[in-house]
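Below is one structure; the comments refer to it alone.
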Amino acid sequence: MTDIIRTHTPSGPRAKSRKPARALRLRDFPGVAAISIFALVFLYIPIAVTTVYAFNDGSSALVWKGFSVRWFGEVAQNANLMNSVWVSLQIAVVATVVSTVFSILFALSVERLRARGSAIATAILSAPLVIPEIVLAVATLGFIRMIGLQPGMLALILAHTSFCIPFALMPIRARLKGLGPTYFEAATDLGASNWQVFRRITLPLLTPGIISGAILAFVISLDDFIISNFLSAAGATPLPVFLFSLIRRGASPAVNVVATLLLILAIVVTTITFLQSQRRSKQND
């Protein structure tokens with residue numbers, strides 16, 4: 001038996017000559033670097049141009065007439081534009097809060113279902129991710145008229161909340177799956193009640209996923225155009241719909257200003273979230 005083991009055990013110069021697998025490098029895939037650079041340029045150059053032309057002194061969005069910040073003042077004094085911003089923020093905040101709460105409850109409850117029931121429930125709730133948004137818009141408009149509602153603020157909040165739930169659910173469920181049942185079983189064995197487990201174990205551990213899901217839901221709601229266009233009404237016009245109406249009447253630097261402000265808002269929110277996650281990870285270490 002010893003001879004057999006010695007026969008099949010690599011030894012000598014042949015065993016020493018084996019090297020670990022070489023890490024893959026970008027140059028091993030010809031053309032990928034050029035495609036990646038083209039994609040980045042195509043994605044970020046228009047954003048940079050839009051930001052620069054927000055400081056244009058002319059009346060055209062794409063004709064440079066000199067540096068000026070007057071269009072920022074024009075945007076601040078445009079009552080209709082500021083009202084659309086306020087409408088979008090209200091819808092986004094309410095939809096984010098409600099969809100995040102529903103996502104937390106669903107993620108916790110679906111874990112106790114059987115595998116088949118869990119898959120069916122998740123598939124039903126995640127359907128808006130794969131259904132074309134134009135179909136959702138037409139169906140939602142028909143449904144709210146069927147139940148006696150009219151396009152407006154309430155219809156927009158209900159619609160945004162419903163299609164934001166899958167986006168808020170994805171990070172929360174992924175975080176919950178990654179935790180496993182060990183923490184919760186240990187807390188239960190130590191005598192903690194369901195409420196104590198949720199408040200002291202589940203909720204703190206799910207916080208990164210909850211924050212990610214809430215930010216994703218907020219951005220999706222703030223950015224939505226198709227459903228908002230179907231359900232908007234006088235006095236309840238979200239920002240994307242209002243900007244589309246401005247562009248149809250002629251591109252103005254005001255559109256560039258709003259896009260720049262939204263970009264700054266996204267950068268600030270992302271930076272704050274990243275710093276908080278870094279601080280939390282250092283505290284856990």
Side-chain angles (χ1 to χ4, degrees), residues 39-40 42-48 50-51 54 75 81-104 106-107 125-137 140 153 155-176 206-232 236-244 246-247 254-278 280:
L40 291 175
F42 189 80
L43 177 64
Y44 288 106
I45 289 297
I47 297 177
T50 299
T51 304
V75 168
L81 178 58
M82 299 309 298
N83 180 67
S84 67
V85 172
W86 177 238
V87 169
S88 286
L89 289 176
Q90 284 181 298
I91 296 171
V93 169
V94 175
T96 299
V97 172
V98 178
S99 63
T100 303
V101 171
F102 271 100
S103 298
I104 295 172
F106 177 82
L125 199 63
S126 302
L129 295 174
V130 295
I131 297 176
E133 192 174 355
I134 184 67
V135 176
L136 291 175
T140 304
M153 197 69 177
L156 285 167
I157 290 176
L158 292 176
H160 280 234
T161 300
S162 63
F163 76 75
C164 281
I165 290 177
F167 296 96
L169 177 64
M170 287 189 297
I172 296 174
R173 190 138 191 255
R175 176 68 177 174
L176 186 60
L206 285 181
T207 299
I210 293 173
I211 294 176
S212 301
I215 292 176
L216 186 58
F218 181 83
V219 172
I220 292 296
S221 175
L222 195 66
D223 184 60
D224 180 76
F225 170 75
I226 298 179
I227 294 179
S228 299
N229 190 38
F230 274 74
L231 300 180
S232 61
T237 304
L239 181 60
V241 180
F242 185 82
L243 290 180
F244 181 72
L246 284 182
I247 295 174
V255 178
N256 296 335
V257 170
V258 175
T260 302
L261 294 176
L262 291 176
L263 178 63
I264 294 173
L265 175 63
I267 293 174
V268 170
V269 171
T270 304
T271 303
I272 293 175
T273 305
F274 175 76
L275 294 177
Q276 288 181 345
S277 63
Q278 291 292 106
R280 191 178 295 107

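Counting from 1, the numbers follow the sequence of the chain as shown.
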Per the side-chain hydrogen bond (donor to acceptor under 3.5 Å, both in side chains) rule, what does the pair list look like for residues 91-104, sequence neighbours excluded?
none

So, using side chain to side chain donor-acceptor pair (under 3.5 Å) as the criterion, who are the partners of S88 when residues are at least two apart?
none

From F163 CZ over to I227 CD1, what is the distance, rounded to the nearest 0.5 angstrom?
4.5 Å

Heavy atoms only: give me the nearest P238-L156 pair and the separation to one decimal.
CG-CD1, 3.9 Å

Would you mind listing every salt bridge (Lys or Arg N to Asp or Glu O under 4.0 Å) that reaches into residues 260-269, with sequence neighbours excluded?
none

Tell me every residue that passes side chain to side chain contact (heavy atoms under 4.5 Å, CB included) with F244, counting only those two or more places apart in sequence or in another chain.
F225, R248

Under the rule for side chain to side chain contact (heavy atoms under 4.5 Å, CB included), what residues qualify as partners of N83, not counting sequence neighbours?
V87

What distance do S221 atom OG and L89 atom CG have between them, rounded to the nearest 0.5 Å?
9.5 Å

Derivation and outcome, side-chain contact (heavy atoms from CB on, under 4.5 Å), residues T161 and V97:
CA-CA 9 Å; T161 300; V97 172; over 6 Å; no

Using ring pair (Phe, Tyr, Trp, His ring centres under 6.0 Å) as the criterion, list what pairs up with F167, not counting sequence neighbours.
none

What is the distance from atom OG1 of T50 to atom CD1 of I45, rounded to the nearest 0.5 Å?
11.0 Å

Who pairs with F102 by side chain to side chain contact (heavy atoms under 4.5 Å, CB included), at least two apart in sequence or on another chain?
V98, I165

Would you please name every residue forming a side chain to side chain contact (heavy atoms under 4.5 Å, CB included) with T140, sequence neighbours left out?
I144, A159, L231

Would you mind writing out the side-chain donor-acceptor pairs for residues 254-269 within the sub-3.5 Å range, not counting sequence neighbours?
from: N256; atom 1: ND2; to: A61; atom 2: O; distance (Å): 3.2
from: T260; atom 1: OG1; to: N256; atom 2: O; distance (Å): 2.8

Measuring from atom CD1 of I215 to atom CD1 of I272, what distance do you get when rounded to the nearest 0.5 angstrom?
9.0 Å

